[in-house]
Amino acid sequence: MLLSMRLIPVVPFFVANLIPALLDVSARRFAWTTFVGILPGALVYTWIGAGLGAVFERGERPDLSVIFEPYVLGPILGLAALSLLPVLINRKRRP
């Protein structure tokens with residue numbers, strides 16, 4: 001559940017940090033799920049930022065059409081697919 005909260009940023013970050021403390025989650029599990037759960041989002045933001053940096057280097061102004069550029073759409077679709085991973089794992093576990 002903690003990994004899902006990290007992968008799907010619906011829960012505010014401070015709440016996602018408080019819940020494990022209230023539920024007595026071990027520090028090792030907290031650190032592992034935080035690292036694995038935050039990494040995909042960090043990669044997506046970095047990838048999009050690098051793509052937007054290229055737009056600014058060309059002297060252009062980004063507009064809404066930039067959403068459909070591969071350097072923006074690709075990471076967003078990848079993160080959306082990754083957010084389905086907990087659902088797929090849960091279905092696989094059920095008999």
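- In this structure, Ile38 is not a member of the same hydrophobic cluster as Trp32, with clusters built from ILVMFWY side-chain heavy atoms closer than 4.5 Å.
- Nearest heavy atoms, Pro75 versus Pro70: CD-O, 3.7 Å.
- Note that CD1 of Ile48 is 4.0 Å distant from CD1 of Ile76, once rounded to the nearest 0.5 Å.
- Once rounded to the nearest 0.5 Å, the distance linking CZ of Phe30 with CD1 of Ile19 reads 11.0 Å.
- A 6.0 Å sphere centred on CZ of Arg58 holds more than 12 heavy atoms belonging to other residues, nucleotides or ligands.
- Note: Asn90 CG to Leu84 CG = 12.5 Å, rounded to the nearest 0.5 Å.
- The line from CG of Leu52 to OH of Tyr45 is 13.0 Å long, rounded to the nearest 0.5 Å.
- Phe14 and Leu22 are not part of a single hydrophobic cluster, where members link through side-chain heavy atoms under 4.5 Å apart.
- Judged as a side-chain contact (heavy atoms from CB on, under 4.5 Å), and not counting sequence neighbours, the contacts of Leu43 are Leu39.
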